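Treat the numbers as computed from the prediction; the structure is a model and nothing was measured. All heavy atoms count here, side chains included; hydrogens, waters and symmetry mates do not.
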Amino acid sequence: MNHTQAWCWHAPGEPTQLTLADLPLAPLAPDEVLVANRVIAFNPVDWKLIEYGHSNWLDGQVPGVDGMGTIVALGANVSHLRLGTRVAYHTDLRHHGSFARHTKVAPAPCCRCPMP
């Protein structure tokens with residue numbers, strides 16, 4: 001998988017100003033997992049960051065602090081999680097977030113979710 005779709009932020013404003021775009025997915029770092037999102041949250045912090053921006057954000061930033069989905073790829077150093085594991089996660093605001101079909105995250109903030 002080398003691309004995904006995501007809602008992108010371009011400048012401080014309203015959530016309605018986010019644009020849907022196809023984005024390339026860079027290779028995973030050794031200490032990352034790739035999650036195929038099934039659910040994303042729209043938290044007050046997301047609203048505020050979209051409205052005011054973040055000092056690290058540039059045009060094209062993908063917002064979104066929280067998400068839940070299935071791990072579809074593992075970095076080389078990730079050994080305690082498995083492909084297909086359902087996880088909820090919290091992102092680092094300095095990187096692309098959960099408002100995408102796929103999100104790269106560090107495994108530490110991933111919490112396994114039981115199957116329904």
Side-chain angles (χ1 to χ4, degrees):
M1 178 176 324
N2 55 12
H3 74 280
T4 192
Q5 283 188 317
W7 289 99
C8 297
W9 176 91
H10 301 285
E14 296 296 320
T16 56
Q17 294 172 291
L18 299 177
T19 60
L20 185 61
D22 285 319
L23 297 179
L25 279 174
L28 286 177
D31 60 344
E32 290 180 321
V33 298
L34 183 65
V35 177
N37 292 315
R38 298 293 177 254
V39 177
I40 61 169
F42 195 99
N43 297 312
V45 68
D46 297 316
W47 191 282
K48 290 174 188 172
L49 285 168
I50 291 167
E51 185 175 8
Y52 299 110
H54 184 281
S55 60
N56 289 8
W57 284 14
L58 301 173
D59 185 20
Q61 174 71 30
V62 178
V65 175
D66 297 313
M68 191 284 283
T70 304
I71 294 176
V72 294
L74 300 168
N77 293 342
V78 179
S79 60
H80 67 288
L81 294 169
R82 301 283 178 256
L83 292 176
T85 302
R86 286 172 27 125
V87 294
Y89 64 87
H90 185 79
T91 63
D92 180 334
L93 295 173
R94 296 171 295 174
H95 305 289
H96 286 317
S98 62
F99 290 11
R101 292 194 185 271
H102 300 87
T103 304
K104 295 188 328 178
V105 295
C110 289
C111 176
R112 292 179 192 197
C113 297
M115 296 301 279

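At least one donor-acceptor pair closer than 3.5 Å links the side chain of R86 to the backbone N or O of P114. Counting only distance, with no hydrogens or angles, the side chain of D92 and the backbone of R94 share a donor-acceptor pair below 3.5 Å. Under the 3.5 Å distance criterion, the side-chain polar atoms of H96 are matched with a main-chain donor or acceptor of V62. Remark: side-chain polar atoms of T91 are paired, donor with acceptor, to backbone N or O of G64 under 3.5 angstrom. Using modelled atom types, one side-chain atom of D46 and one backbone atom of V65 make a donor-acceptor pair closer than 3.5 Å. With Q17 contributing its side chain and E14 its backbone, the two residues share a donor-acceptor pair below 3.5 Å.
L25 and H102 make their closest contact through CD1-CB, 4.2 Å (heavy atoms, listed as atom of the first residue, atom of the second, distance). Nearest heavy atom pair, residue C8 against residue G60, reads SG-O, 3.7 Å.
The side chain to side chain contact (heavy atoms under 4.5 Å, CB included) with V87 is formed by just one residue from the set V33, I71, T70; it is I71.
Residues Y89 and M68 fall into different hydrophobic clusters, defined by Ile, Leu, Val, Met, Phe, Trp and Tyr side chains chained together at heavy-atom separations under 4.5 Å.
Defined by atom type and a distance below 3.5 Å, a donor-acceptor pair is present between the side-chain atoms of T103 and N37.
Using a 30° and 60° split on the angle between ring planes, W57 and W9 fall in the perpendicular class, above 60°.
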